[in-house]
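Nothing fancy with the numbering, it's 1 onward along the sequence. Counting convention: from 1, in listed order, for ligands and their atoms alike.
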Amino acid sequence: MTNTLRFYDRALFRLSRRELLGLTGMLGAAALAPPLTLRRLLAKPIFGAYPFSMGVASGDPLPDGVVLWTRLAPKPLDGGGMPPAIVDVGWEIARDAAFRTILQTGTTLARPELAHSVHIEVAGLDPGREYWYRFHAGDEVSQTGRTRTAPPPGAAVDRLRFAVCGCSHYEDGYFTALRSIAEEDFDFVVHTGDYIYEGRGDGDPLDPRKRQHLGGELFTLADYRNRYAQYKSDQDLMAAHASAPFIVIPDDHEVANDYAGDFDLRGTPPELFALRRAAAYQAYYEAMPLRASALPSGSHMRIYRRLQFGSLVDLSLLDTRQWRARQVCGGGNRTDCPEALDPGRSILGPEQEKWLFDNLADVHARWTVLGQQVPTFARNFGADGVGRFWMDKWDGYVAARNRLYSRLLEAKTPNPIVLSGDVHQHFAADLKLDFRDPRSACVGVELTNSSITTNGDGSDVSTTWERTRADNPHITYHSARRGYIACTATPATLRADFKIIEKVSEPNQPVRIGGALVVEAGRPGGSVA
Ligand code: FE
Ligand code: CA
(Lines give C-alpha, C1' and ligand atoms only; values in the text may rest on other atoms or scores of the structure.)
(Ligands and ions follow the chains in the order given, each with its own letter.)
Protein backbone atom coordinates (compact mmCIF):
# COMPACT_ATOMS: atom_id res chain seq x y z
CA MET A 1 0.00 0.00 0.00
CA THR A 2 1.12 3.54 -0.66
CA ASN A 3 2.70 4.99 2.45
CA THR A 4 2.30 8.64 3.20
CA LEU A 5 5.89 9.71 2.71
CA ARG A 6 6.24 7.96 -0.60
CA PHE A 7 2.96 9.47 -1.67
CA TYR A 8 4.09 13.03 -1.03
CA ASP A 9 7.62 12.48 -2.29
CA ARG A 10 6.24 11.32 -5.57
CA ALA A 11 3.55 13.96 -5.75
CA LEU A 12 6.20 16.63 -5.25
CA PHE A 13 8.63 14.95 -7.58
CA ARG A 14 6.11 15.17 -10.37
CA LEU A 15 5.49 18.88 -9.88
CA SER A 16 7.39 21.08 -12.26
CA ARG A 17 9.45 23.88 -10.70
CA ARG A 18 6.83 26.43 -11.68
CA GLU A 19 3.98 24.38 -10.22
CA LEU A 20 6.00 23.96 -7.03
CA LEU A 21 6.50 27.72 -6.76
CA GLY A 22 2.78 28.21 -7.36
CA LEU A 23 1.93 25.74 -4.63
CA THR A 24 4.36 27.18 -2.12
CA GLY A 25 2.88 30.59 -2.94
CA MET A 26 -0.55 29.23 -2.08
CA LEU A 27 0.83 27.94 1.18
CA GLY A 28 2.16 31.33 2.26
CA ALA A 29 4.80 30.80 4.97
CA ALA A 30 5.62 27.39 3.61
CA ALA A 31 7.30 29.07 0.64
CA LEU A 32 10.28 29.92 2.82
CA ALA A 33 10.47 26.58 4.58
CA PRO A 34 12.96 23.84 3.73
CA PRO A 35 11.72 21.01 1.52
CA LEU A 36 11.06 18.53 4.32
CA THR A 37 8.83 20.97 6.19
CA LEU A 38 7.14 21.86 2.95
CA ARG A 39 6.46 18.20 2.39
CA ARG A 40 4.80 17.93 5.79
CA LEU A 41 2.79 21.08 5.27
CA LEU A 42 1.63 19.88 1.88
CA ALA A 43 -0.01 16.88 3.51
CA LYS A 44 -2.97 18.95 4.65
CA PRO A 45 -3.21 21.52 1.87
CA ILE A 46 -3.39 18.83 -0.81
CA PHE A 47 -6.41 17.42 0.95
CA GLY A 48 -7.79 20.43 2.76
CA ALA A 49 -10.85 18.22 3.14
CA TYR A 50 -11.74 14.56 2.65
CA PRO A 51 -10.68 13.73 -0.93
CA PHE A 52 -13.10 10.83 -1.55
CA SER A 53 -16.07 13.20 -1.52
CA MET A 54 -17.84 11.41 -4.38
CA GLY A 55 -17.49 7.91 -3.00
CA VAL A 56 -16.45 4.86 -4.98
CA ALA A 57 -17.94 2.84 -7.80
CA SER A 58 -17.39 -0.30 -9.82
CA GLY A 59 -18.61 -1.22 -13.26
CA ASP A 60 -18.70 -3.39 -16.36
CA PRO A 61 -18.12 -6.76 -14.67
CA LEU A 62 -16.29 -9.51 -16.58
CA PRO A 63 -15.81 -13.09 -15.37
CA ASP A 64 -12.30 -12.23 -14.19
CA GLY A 65 -12.50 -8.58 -13.26
CA VAL A 66 -14.28 -5.29 -12.88
CA VAL A 67 -13.53 -1.56 -13.16
CA LEU A 68 -12.97 0.30 -9.89
CA TRP A 69 -13.56 4.05 -9.84
CA THR A 70 -13.03 7.02 -7.61
CA ARG A 71 -12.10 10.67 -7.93
CA LEU A 72 -10.00 12.83 -5.61
CA ALA A 73 -11.89 16.03 -4.94
CA PRO A 74 -11.51 17.76 -1.57
CA LYS A 75 -13.54 20.67 -2.98
CA PRO A 76 -15.94 18.79 -5.23
CA LEU A 77 -18.28 21.65 -6.14
CA ASP A 78 -15.50 24.01 -7.09
CA GLY A 79 -13.38 22.20 -9.66
CA GLY A 80 -12.26 19.48 -7.25
CA GLY A 81 -9.70 21.46 -5.27
CA MET A 82 -6.68 19.38 -6.27
CA PRO A 83 -3.29 20.88 -7.20
CA PRO A 84 -2.25 20.58 -10.83
CA ALA A 85 -0.13 17.53 -10.08
CA ILE A 86 -0.12 13.79 -10.53
CA VAL A 87 -1.05 12.01 -7.31
CA ASP A 88 -0.64 8.36 -6.31
CA VAL A 89 -3.80 6.47 -5.44
CA GLY A 90 -3.55 3.04 -3.86
CA TRP A 91 -6.30 0.44 -4.21
CA GLU A 92 -7.02 -2.92 -2.67
CA ILE A 93 -9.57 -5.62 -3.34
CA ALA A 94 -10.56 -8.24 -0.78
CA ARG A 95 -12.67 -11.31 -0.27
CA ASP A 96 -14.45 -9.76 2.72
CA ALA A 97 -15.82 -6.40 3.78
CA ALA A 98 -13.38 -6.24 6.71
CA PHE A 99 -10.35 -6.63 4.38
CA ARG A 100 -9.00 -9.63 6.28
CA THR A 101 -8.18 -11.46 3.05
CA ILE A 102 -6.75 -8.92 0.66
CA LEU A 103 -6.30 -10.45 -2.81
CA GLN A 104 -4.74 -7.66 -4.83
CA THR A 105 -3.32 -4.21 -4.21
CA GLY A 106 -1.90 -1.65 -6.56
CA THR A 107 -1.10 1.99 -7.12
CA THR A 108 -2.30 4.13 -9.95
CA LEU A 109 -1.89 7.77 -10.89
CA ALA A 110 -4.67 10.31 -10.57
CA ARG A 111 -3.99 12.89 -13.25
CA PRO A 112 -5.22 16.47 -13.57
CA GLU A 113 -6.18 15.87 -17.22
CA LEU A 114 -8.96 13.58 -15.94
CA ALA A 115 -9.84 15.68 -12.88
CA HIS A 116 -7.97 13.18 -10.65
CA SER A 117 -10.42 10.41 -11.44
CA VAL A 118 -9.06 6.87 -11.56
CA HIS A 119 -10.34 3.82 -13.44
CA ILE A 120 -8.68 0.58 -12.33
CA GLU A 121 -9.31 -2.44 -14.56
CA VAL A 122 -8.80 -5.29 -12.10
CA ALA A 123 -8.16 -8.71 -13.65
CA GLY A 124 -7.37 -12.16 -12.26
CA LEU A 125 -10.45 -12.44 -10.03
CA ASP A 126 -12.71 -15.47 -9.78
CA PRO A 127 -16.00 -15.49 -11.72
CA GLY A 128 -19.39 -15.00 -10.08
CA ARG A 129 -18.02 -13.82 -6.73
CA GLU A 130 -18.49 -10.90 -4.42
CA TYR A 131 -15.53 -8.65 -3.64
CA TRP A 132 -14.89 -5.53 -1.59
CA TYR A 133 -12.57 -2.69 -2.55
CA ARG A 134 -11.31 0.66 -1.32
CA PHE A 135 -8.77 3.34 -2.17
CA HIS A 136 -6.02 5.19 -0.32
CA ALA A 137 -4.49 8.60 -0.97
CA GLY A 138 -2.10 10.13 1.50
CA ASP A 139 -3.47 9.35 4.94
CA GLU A 140 -7.00 9.10 3.70
CA VAL A 141 -9.02 5.95 3.04
CA SER A 142 -12.10 5.83 0.85
CA GLN A 143 -15.46 4.25 1.61
CA THR A 144 -15.66 0.51 0.95
CA GLY A 145 -17.46 -0.71 -2.13
CA ARG A 146 -18.98 -4.11 -2.81
CA THR A 147 -18.81 -5.54 -6.31
CA ARG A 148 -19.37 -8.78 -8.13
CA THR A 149 -17.72 -10.45 -11.12
CA ALA A 150 -19.76 -12.01 -13.93
CA PRO A 151 -20.35 -15.79 -13.91
CA PRO A 152 -17.94 -18.00 -15.91
CA PRO A 153 -18.37 -17.82 -19.69
CA GLY A 154 -21.01 -20.28 -20.87
CA ALA A 155 -21.63 -21.65 -17.38
CA ALA A 156 -25.10 -22.60 -16.16
CA VAL A 157 -26.40 -19.86 -13.86
CA ASP A 158 -29.49 -20.38 -11.67
CA ARG A 159 -30.35 -16.76 -11.08
CA LEU A 160 -29.22 -13.21 -11.70
CA ARG A 161 -30.76 -10.13 -10.13
CA PHE A 162 -30.25 -6.74 -11.71
CA ALA A 163 -31.77 -3.29 -11.45
CA VAL A 164 -32.68 -0.96 -14.32
CA CYS A 165 -32.78 2.74 -13.49
CA GLY A 166 -32.14 6.21 -14.87
CA CYS A 167 -33.24 9.86 -14.98
CA SER A 168 -32.20 11.33 -11.64
CA HIS A 169 -32.99 15.04 -11.76
CA TYR A 170 -31.38 16.49 -8.64
CA GLU A 171 -33.94 19.29 -8.32
CA ASP A 172 -36.97 17.04 -8.69
CA GLY A 173 -36.55 15.06 -5.50
CA TYR A 174 -34.60 12.68 -3.32
CA PHE A 175 -32.77 9.65 -4.73
CA THR A 176 -34.74 7.16 -2.58
CA ALA A 177 -34.82 4.74 -5.52
CA LEU A 178 -31.02 4.61 -5.42
CA ARG A 179 -31.07 4.00 -1.66
CA SER A 180 -33.43 1.10 -2.25
CA ILE A 181 -31.17 -0.25 -5.02
CA ALA A 182 -28.27 -0.06 -2.54
CA GLU A 183 -30.22 -2.18 -0.07
CA GLU A 184 -30.98 -4.91 -2.61
CA ASP A 185 -27.32 -5.88 -3.33
CA PHE A 186 -27.96 -6.58 -7.01
CA ASP A 187 -25.58 -8.57 -9.19
CA PHE A 188 -25.40 -5.46 -11.37
CA VAL A 189 -27.28 -2.25 -12.13
CA VAL A 190 -28.02 -1.02 -15.66
CA HIS A 191 -28.26 2.77 -15.82
CA THR A 192 -30.10 3.87 -18.97
CA GLY A 193 -28.97 7.52 -18.89
CA ASP A 194 -29.89 11.03 -17.70
CA TYR A 195 -27.49 10.58 -14.79
CA ILE A 196 -27.34 14.38 -14.63
CA TYR A 197 -29.44 17.16 -16.15
CA GLU A 198 -27.71 20.04 -17.88
CA GLY A 199 -30.11 22.86 -17.03
CA ARG A 200 -29.43 25.82 -14.78
CA GLY A 201 -30.54 25.99 -11.15
CA ASP A 202 -34.29 26.20 -11.26
CA GLY A 203 -35.46 25.35 -7.76
CA ASP A 204 -37.51 27.47 -5.44
CA PRO A 205 -35.04 29.20 -3.11
CA LEU A 206 -37.82 29.78 -0.55
CA ASP A 207 -38.51 26.05 -0.20
CA PRO A 208 -35.81 24.73 2.12
CA ARG A 209 -36.47 21.13 1.05
CA LYS A 210 -36.01 21.86 -2.62
CA ARG A 211 -32.66 20.85 -4.05
CA GLN A 212 -31.13 23.21 -6.58
CA HIS A 213 -28.58 22.84 -9.34
CA LEU A 214 -25.53 24.99 -8.72
CA GLY A 215 -24.57 27.24 -11.59
CA GLY A 216 -26.03 27.92 -15.00
CA GLU A 217 -26.63 25.65 -17.96
CA LEU A 218 -23.64 23.41 -18.64
CA PHE A 219 -21.34 24.16 -21.58
CA THR A 220 -17.71 23.79 -20.49
CA LEU A 221 -15.78 20.86 -19.07
CA ALA A 222 -15.60 22.70 -15.72
CA ASP A 223 -19.41 23.14 -15.74
CA TYR A 224 -20.08 19.46 -16.40
CA ARG A 225 -17.49 18.36 -13.82
CA ASN A 226 -19.08 20.47 -11.09
CA ARG A 227 -22.54 19.14 -11.93
CA TYR A 228 -21.38 15.51 -11.64
CA ALA A 229 -19.74 16.46 -8.35
CA GLN A 230 -22.99 17.92 -7.04
CA TYR A 231 -24.98 14.81 -7.99
CA LYS A 232 -22.28 12.52 -6.62
CA SER A 233 -22.36 14.29 -3.27
CA ASP A 234 -25.75 12.61 -2.76
CA GLN A 235 -25.48 9.88 -0.10
CA ASP A 236 -28.10 7.64 -1.72
CA LEU A 237 -26.32 7.75 -5.06
CA MET A 238 -22.98 6.96 -3.38
CA ALA A 239 -24.59 4.06 -1.52
CA ALA A 240 -26.00 2.60 -4.75
CA HIS A 241 -22.60 2.71 -6.45
CA ALA A 242 -20.93 1.15 -3.41
CA SER A 243 -23.45 -1.72 -3.45
CA ALA A 244 -23.02 -3.24 -6.92
CA PRO A 245 -21.28 -2.78 -10.26
CA PHE A 246 -23.00 -0.25 -12.53
CA ILE A 247 -23.25 -0.68 -16.29
CA VAL A 248 -23.83 2.84 -17.55
CA ILE A 249 -24.79 4.43 -20.85
CA PRO A 250 -25.50 8.15 -21.30
CA ASP A 251 -28.69 9.53 -22.84
CA ASP A 252 -29.33 13.14 -23.92
CA HIS A 253 -29.16 15.15 -20.66
CA GLU A 254 -25.54 14.19 -20.03
CA VAL A 255 -24.98 16.60 -22.97
CA ALA A 256 -28.10 18.57 -24.00
CA ASN A 257 -31.84 17.87 -24.18
CA ASP A 258 -32.93 15.68 -27.10
CA TYR A 259 -29.69 16.06 -29.05
CA ALA A 260 -29.24 13.89 -32.13
CA GLY A 261 -25.74 13.17 -33.37
CA ASP A 262 -24.10 16.51 -34.16
CA PHE A 263 -27.30 18.53 -33.68
CA ASP A 264 -29.01 20.06 -30.68
CA LEU A 265 -32.55 21.41 -30.76
CA ARG A 266 -31.41 25.04 -30.89
CA GLY A 267 -29.81 24.94 -34.29
CA THR A 268 -26.28 25.37 -32.91
CA PRO A 269 -23.73 24.92 -35.74
CA PRO A 270 -22.65 21.26 -35.53
CA GLU A 271 -18.96 22.13 -35.28
CA LEU A 272 -19.73 24.17 -32.16
CA PHE A 273 -22.10 21.61 -30.68
CA ALA A 274 -19.23 19.09 -31.07
CA LEU A 275 -17.17 21.18 -28.61
CA ARG A 276 -19.92 20.97 -26.02
CA ARG A 277 -20.37 17.24 -26.58
CA ALA A 278 -16.60 16.71 -26.18
CA ALA A 279 -16.65 18.49 -22.80
CA ALA A 280 -19.75 16.55 -21.72
CA TYR A 281 -18.36 13.16 -22.77
CA GLN A 282 -15.05 13.79 -21.02
CA ALA A 283 -16.81 14.69 -17.78
CA TYR A 284 -19.03 11.60 -18.16
CA TYR A 285 -16.01 9.35 -18.61
CA GLU A 286 -14.30 10.93 -15.60
CA ALA A 287 -17.37 10.37 -13.43
CA MET A 288 -18.22 6.79 -14.40
CA PRO A 289 -16.73 3.32 -13.79
CA LEU A 290 -15.88 2.79 -17.46
CA ARG A 291 -13.01 0.97 -19.13
CA ALA A 292 -10.26 2.84 -20.98
CA SER A 293 -11.89 1.69 -24.23
CA ALA A 294 -14.56 4.34 -23.50
CA LEU A 295 -12.05 7.20 -23.16
CA PRO A 296 -13.38 9.92 -25.48
CA SER A 297 -11.44 11.01 -28.51
CA GLY A 298 -12.48 14.56 -29.32
CA SER A 299 -16.26 14.71 -29.50
CA HIS A 300 -16.70 10.95 -29.85
CA MET A 301 -16.82 8.16 -27.34
CA ARG A 302 -17.25 4.39 -27.73
CA ILE A 303 -20.35 3.67 -25.65
CA TYR A 304 -21.74 0.49 -27.23
CA ARG A 305 -20.33 -2.74 -25.85
CA ARG A 306 -21.32 -6.27 -24.87
CA LEU A 307 -21.19 -8.10 -21.55
CA GLN A 308 -22.01 -11.73 -20.87
CA PHE A 309 -23.31 -13.44 -17.74
CA GLY A 310 -22.72 -17.15 -18.18
CA SER A 311 -25.35 -18.90 -20.28
CA LEU A 312 -28.13 -16.81 -18.73
CA VAL A 313 -27.84 -13.21 -19.99
CA ASP A 314 -26.17 -11.70 -23.03
CA LEU A 315 -26.22 -7.92 -22.61
CA SER A 316 -25.56 -5.49 -25.45
CA LEU A 317 -25.39 -1.84 -24.42
CA LEU A 318 -26.38 0.60 -27.15
CA ASP A 319 -25.80 4.25 -27.97
CA THR A 320 -28.91 5.80 -29.52
CA ARG A 321 -27.71 9.44 -29.32
CA GLN A 322 -24.25 9.91 -30.76
CA TRP A 323 -24.83 8.39 -34.19
CA ARG A 324 -28.52 9.07 -34.82
CA ALA A 325 -29.91 11.09 -37.72
CA ARG A 326 -31.17 14.58 -36.98
CA GLN A 327 -34.63 14.99 -35.43
CA VAL A 328 -37.39 15.57 -37.97
CA CYS A 329 -40.76 17.34 -37.86
CA GLY A 330 -39.58 19.54 -34.97
CA GLY A 331 -39.36 16.81 -32.29
CA GLY A 332 -42.06 16.35 -29.62
CA ASN A 333 -45.19 14.33 -30.44
CA ARG A 334 -46.27 14.60 -34.09
CA THR A 335 -49.02 13.44 -36.34
CA ASP A 336 -48.09 12.52 -39.85
CA CYS A 337 -44.34 12.87 -40.16
CA PRO A 338 -43.44 11.14 -43.43
CA GLU A 339 -39.74 11.93 -42.87
CA ALA A 340 -39.76 9.60 -39.83
CA LEU A 341 -40.42 6.74 -42.24
CA ASP A 342 -37.39 7.52 -44.46
CA PRO A 343 -35.57 4.17 -44.80
CA GLY A 344 -32.22 6.00 -44.75
CA ARG A 345 -32.76 7.21 -41.16
CA SER A 346 -30.69 5.43 -38.53
CA ILE A 347 -30.73 5.72 -34.74
CA LEU A 348 -27.62 3.56 -34.15
CA GLY A 349 -25.53 4.55 -37.17
CA PRO A 350 -24.36 1.93 -39.69
CA GLU A 351 -21.29 0.70 -37.81
CA GLN A 352 -23.08 0.09 -34.50
CA GLU A 353 -26.09 -1.40 -36.27
CA LYS A 354 -23.85 -3.93 -38.03
CA TRP A 355 -22.08 -4.74 -34.77
CA LEU A 356 -25.42 -5.31 -33.03
CA PHE A 357 -26.96 -7.34 -35.86
CA ASP A 358 -23.88 -9.60 -35.91
CA ASN A 359 -24.22 -10.07 -32.13
CA LEU A 360 -27.90 -10.93 -32.44
CA ALA A 361 -27.10 -13.93 -34.64
CA ASP A 362 -24.49 -15.14 -32.19
CA VAL A 363 -26.19 -15.30 -28.79
CA HIS A 364 -25.73 -18.48 -26.77
CA ALA A 365 -27.43 -17.28 -23.61
CA ARG A 366 -31.06 -17.77 -22.57
CA TRP A 367 -31.94 -14.07 -22.47
CA THR A 368 -30.78 -11.47 -24.99
CA VAL A 369 -30.91 -8.12 -23.22
CA LEU A 370 -30.50 -4.83 -25.08
CA GLY A 371 -29.65 -2.02 -22.64
CA GLN A 372 -30.45 1.27 -24.30
CA GLN A 373 -31.90 4.73 -23.75
CA VAL A 374 -35.20 5.50 -25.49
CA PRO A 375 -38.33 3.33 -25.98
CA THR A 376 -38.30 1.21 -29.12
CA PHE A 377 -42.02 0.39 -28.83
CA ALA A 378 -44.51 2.65 -30.57
CA ARG A 379 -46.61 4.80 -28.35
CA ASN A 380 -49.69 6.16 -30.02
CA PHE A 381 -50.82 9.39 -28.35
CA GLY A 382 -53.70 9.97 -30.75
CA ALA A 383 -57.08 8.84 -29.50
CA ASP A 384 -58.51 9.90 -32.86
CA GLY A 385 -57.10 7.01 -34.84
CA VAL A 386 -54.68 9.27 -36.77
CA GLY A 387 -51.77 8.66 -34.45
CA ARG A 388 -49.26 10.97 -32.82
CA PHE A 389 -45.84 9.59 -32.05
CA TRP A 390 -42.68 10.42 -30.07
CA MET A 391 -40.17 11.86 -32.54
CA ASP A 392 -37.22 11.59 -30.12
CA LYS A 393 -37.70 7.84 -29.58
CA TRP A 394 -37.47 4.93 -32.06
CA ASP A 395 -40.88 6.20 -33.28
CA GLY A 396 -38.89 8.92 -35.10
CA TYR A 397 -36.72 6.23 -36.73
CA VAL A 398 -39.33 3.74 -37.92
CA ALA A 399 -37.15 2.04 -40.55
CA ALA A 400 -34.40 1.47 -37.97
CA ARG A 401 -36.94 -0.12 -35.61
CA ASN A 402 -38.26 -2.35 -38.40
CA ARG A 403 -34.71 -3.44 -39.22
CA LEU A 404 -34.03 -4.29 -35.56
CA TYR A 405 -37.26 -6.23 -35.00
CA SER A 406 -36.89 -8.09 -38.32
CA ARG A 407 -33.34 -8.99 -37.39
CA LEU A 408 -34.47 -10.45 -34.04
CA LEU A 409 -36.87 -12.74 -35.90
CA GLU A 410 -34.59 -13.63 -38.78
CA ALA A 411 -31.56 -14.36 -36.53
CA LYS A 412 -33.80 -16.32 -34.10
CA THR A 413 -32.26 -14.30 -31.30
CA PRO A 414 -33.19 -16.06 -28.04
CA ASN A 415 -35.76 -14.30 -25.83
CA PRO A 416 -35.11 -10.61 -26.55
CA ILE A 417 -35.65 -8.18 -23.66
CA VAL A 418 -35.20 -4.51 -24.51
CA LEU A 419 -34.48 -2.09 -21.66
CA SER A 420 -35.17 1.63 -21.94
CA GLY A 421 -35.80 4.76 -19.88
CA ASP A 422 -36.02 8.45 -20.80
CA VAL A 423 -39.81 8.89 -20.61
CA HIS A 424 -40.16 9.06 -16.81
CA GLN A 425 -42.90 6.43 -16.58
CA HIS A 426 -42.76 2.69 -16.13
CA PHE A 427 -43.90 0.65 -19.11
CA ALA A 428 -43.89 -2.98 -20.13
CA ALA A 429 -44.66 -3.65 -23.78
CA ASP A 430 -44.89 -6.56 -26.17
CA LEU A 431 -42.80 -5.66 -29.23
CA LYS A 432 -44.75 -6.08 -32.45
CA LEU A 433 -43.47 -6.27 -35.98
CA ASP A 434 -46.44 -4.04 -36.84
CA PHE A 435 -47.81 -2.08 -33.87
CA ARG A 436 -50.99 -1.20 -35.79
CA ASP A 437 -51.93 -4.86 -35.96
CA PRO A 438 -52.49 -6.59 -32.59
CA ARG A 439 -52.18 -9.99 -34.30
CA SER A 440 -48.73 -9.11 -35.64
CA ALA A 441 -45.76 -11.26 -34.53
CA CYS A 442 -44.33 -10.48 -31.09
CA VAL A 443 -40.53 -10.22 -31.31
CA GLY A 444 -39.76 -9.61 -27.64
CA VAL A 445 -40.59 -7.61 -24.54
CA GLU A 446 -39.56 -4.11 -23.53
CA LEU A 447 -39.13 -2.90 -19.94
CA THR A 448 -39.00 0.89 -19.59
CA ASN A 449 -37.89 2.25 -16.23
CA SER A 450 -39.54 5.35 -14.85
CA SER A 451 -37.28 8.03 -13.39
CA ILE A 452 -35.42 8.03 -10.12
CA THR A 453 -36.82 11.55 -9.55
CA THR A 454 -37.44 13.39 -12.83
CA ASN A 455 -40.89 15.04 -13.01
CA GLY A 456 -41.36 14.83 -9.24
CA ASP A 457 -43.77 12.71 -7.23
CA GLY A 458 -45.97 11.46 -10.07
CA SER A 459 -49.34 9.80 -9.53
CA ASP A 460 -51.22 6.56 -10.00
CA VAL A 461 -53.57 8.17 -12.49
CA SER A 462 -52.31 9.61 -15.76
CA THR A 463 -55.00 11.22 -17.91
CA THR A 464 -52.90 10.92 -21.09
CA TRP A 465 -52.43 7.24 -20.42
CA GLU A 466 -56.10 6.60 -19.65
CA ARG A 467 -57.14 8.46 -22.81
CA THR A 468 -54.80 6.53 -25.09
CA ARG A 469 -54.74 3.13 -23.40
CA ALA A 470 -57.08 1.53 -25.97
CA ASP A 471 -54.79 2.68 -28.82
CA ASN A 472 -51.82 0.86 -27.28
CA PRO A 473 -52.91 -2.74 -26.62
CA HIS A 474 -49.26 -3.88 -26.76
CA ILE A 475 -48.47 -1.93 -23.57
CA THR A 476 -49.05 -4.39 -20.72
CA TYR A 477 -48.04 -2.30 -17.71
CA HIS A 478 -47.85 1.42 -16.98
CA SER A 479 -47.20 3.61 -13.95
CA ALA A 480 -46.61 7.35 -13.74
CA ARG A 481 -44.80 7.08 -10.41
CA ARG A 482 -41.03 7.26 -9.84
CA GLY A 483 -38.89 4.19 -9.25
CA TYR A 484 -36.76 1.49 -10.86
CA ILE A 485 -37.14 -2.06 -12.13
CA ALA A 486 -35.80 -5.07 -10.22
CA CYS A 487 -35.25 -7.96 -12.65
CA THR A 488 -34.76 -11.59 -11.72
CA ALA A 489 -33.57 -13.84 -14.55
CA THR A 490 -33.60 -17.62 -14.29
CA PRO A 491 -33.35 -20.18 -17.11
CA ALA A 492 -37.17 -20.48 -17.10
CA THR A 493 -38.42 -16.90 -16.56
CA LEU A 494 -37.49 -13.28 -16.45
CA ARG A 495 -39.48 -11.40 -13.83
CA ALA A 496 -39.60 -7.60 -13.66
CA ASP A 497 -40.80 -6.00 -10.43
CA PHE A 498 -41.68 -2.37 -11.07
CA LYS A 499 -40.63 -0.59 -7.89
CA ILE A 500 -42.47 2.56 -6.99
CA ILE A 501 -41.55 5.36 -4.57
CA GLU A 502 -44.54 6.82 -2.74
CA LYS A 503 -43.08 10.35 -2.93
CA VAL A 504 -39.72 11.80 -3.98
CA SER A 505 -40.37 15.32 -2.65
CA GLU A 506 -39.68 13.99 0.86
CA PRO A 507 -36.67 11.89 1.85
CA ASN A 508 -36.91 8.29 3.09
CA GLN A 509 -40.33 7.51 1.66
CA PRO A 510 -41.53 3.90 1.33
CA VAL A 511 -40.78 1.80 -1.75
CA ARG A 512 -43.29 -0.79 -2.96
CA ILE A 513 -43.87 -3.07 -5.92
CA GLY A 514 -46.33 -1.34 -8.23
CA GLY A 515 -46.71 -4.30 -10.57
CA ALA A 516 -44.78 -7.22 -11.99
CA LEU A 517 -44.34 -8.77 -15.40
CA VAL A 518 -43.23 -12.32 -16.09
CA VAL A 519 -41.74 -13.46 -19.38
CA GLU A 520 -41.43 -17.20 -19.92
CA ALA A 521 -38.44 -18.36 -21.95
CA GLY A 522 -39.52 -19.60 -25.38
CA ARG A 523 -42.90 -17.84 -25.21
CA PRO A 524 -43.12 -14.42 -26.83
CA GLY A 525 -44.71 -11.65 -24.80
CA GLY A 526 -45.04 -10.87 -21.12
CA SER A 527 -47.87 -11.44 -18.68
CA VAL A 528 -48.72 -9.29 -15.71
CA ALA A 529 -48.04 -11.29 -12.57
FE1 FE B 1 -34.80 11.90 -18.30
CA1 CA C 1 -33.52 11.37 -21.85
### Task
Quick one: report the N, O or S atom of Asp252 that is nearest to the Ca ion (ligand 2).
OD1
### Heteroatom test (N, O or S) for His169 near the Fe ion (ligand 1), limit 2.8 Å
no
### Query
To the nearest 10°, how many degrees is the angle Cys167 SG to the Fe ion (ligand 1) to Tyr197 OH?
100°
### Task
Using a cut-off of strictly less than 2.8 Å, determine whether His424 has an N/O/S atom near the Fe ion (ligand 1).
yes
### Message
Under 3.5 Å, is there a donor on one side chain and an acceptor on the other for Asp234 and Tyr231?
### Response
no
### Task
Hey, can you tell me if Phe273 and Tyr259 have their rings parallel, tilted or perpendicular (30° and 60° cut-offs)?
tilted
### Message
Does the Lys NZ or Arg CZ of Arg302 fall within the cation-pi geometry relative to Tyr304 - under 6.0 Å from the ring centre and within 45° of the axis?
### Response
yes
### Message
Taking the ring centre of each residue, are Phe435 and His474 less than 6.0 Å apart?
### Response
yes
### Query
Can Asp251 and Arg321 be counted as an ion pair, charged N to O under 4.0 angstrom?
yes
### Query
Are Ser117 and Tyr285 linked by a side-chain donor-acceptor pair shorter than 3.5 Å?
no
## Note on the structure
Checking distances from the Fe ion (ligand 1), one finds that the N, O or S atom of Asp194 closest to it is OD2
### the Fe ion (ligand 1) reached by Thr454 (N, O or S, under 2.8 Å)
no
### Message
With respect to the Ca ion (ligand 2), please indicate if Asp392 possesses an N, O or S atom at a distance under 3.0 Å.
### Response
no
### Task
State, to the nearest 10 degrees, the angle whose vertex is the Ca ion (ligand 2) and whose arms point to OD2 of Asp194 and OD2 of Asp251.
120°
### Query
Mind checking whether Phe309 and Phe188 have ring centres under 6.0 Å apart?
yes
### Query
Within Asp422, is some N, O or S atom less than 3.0 Å away from the Ca ion (ligand 2)?
yes
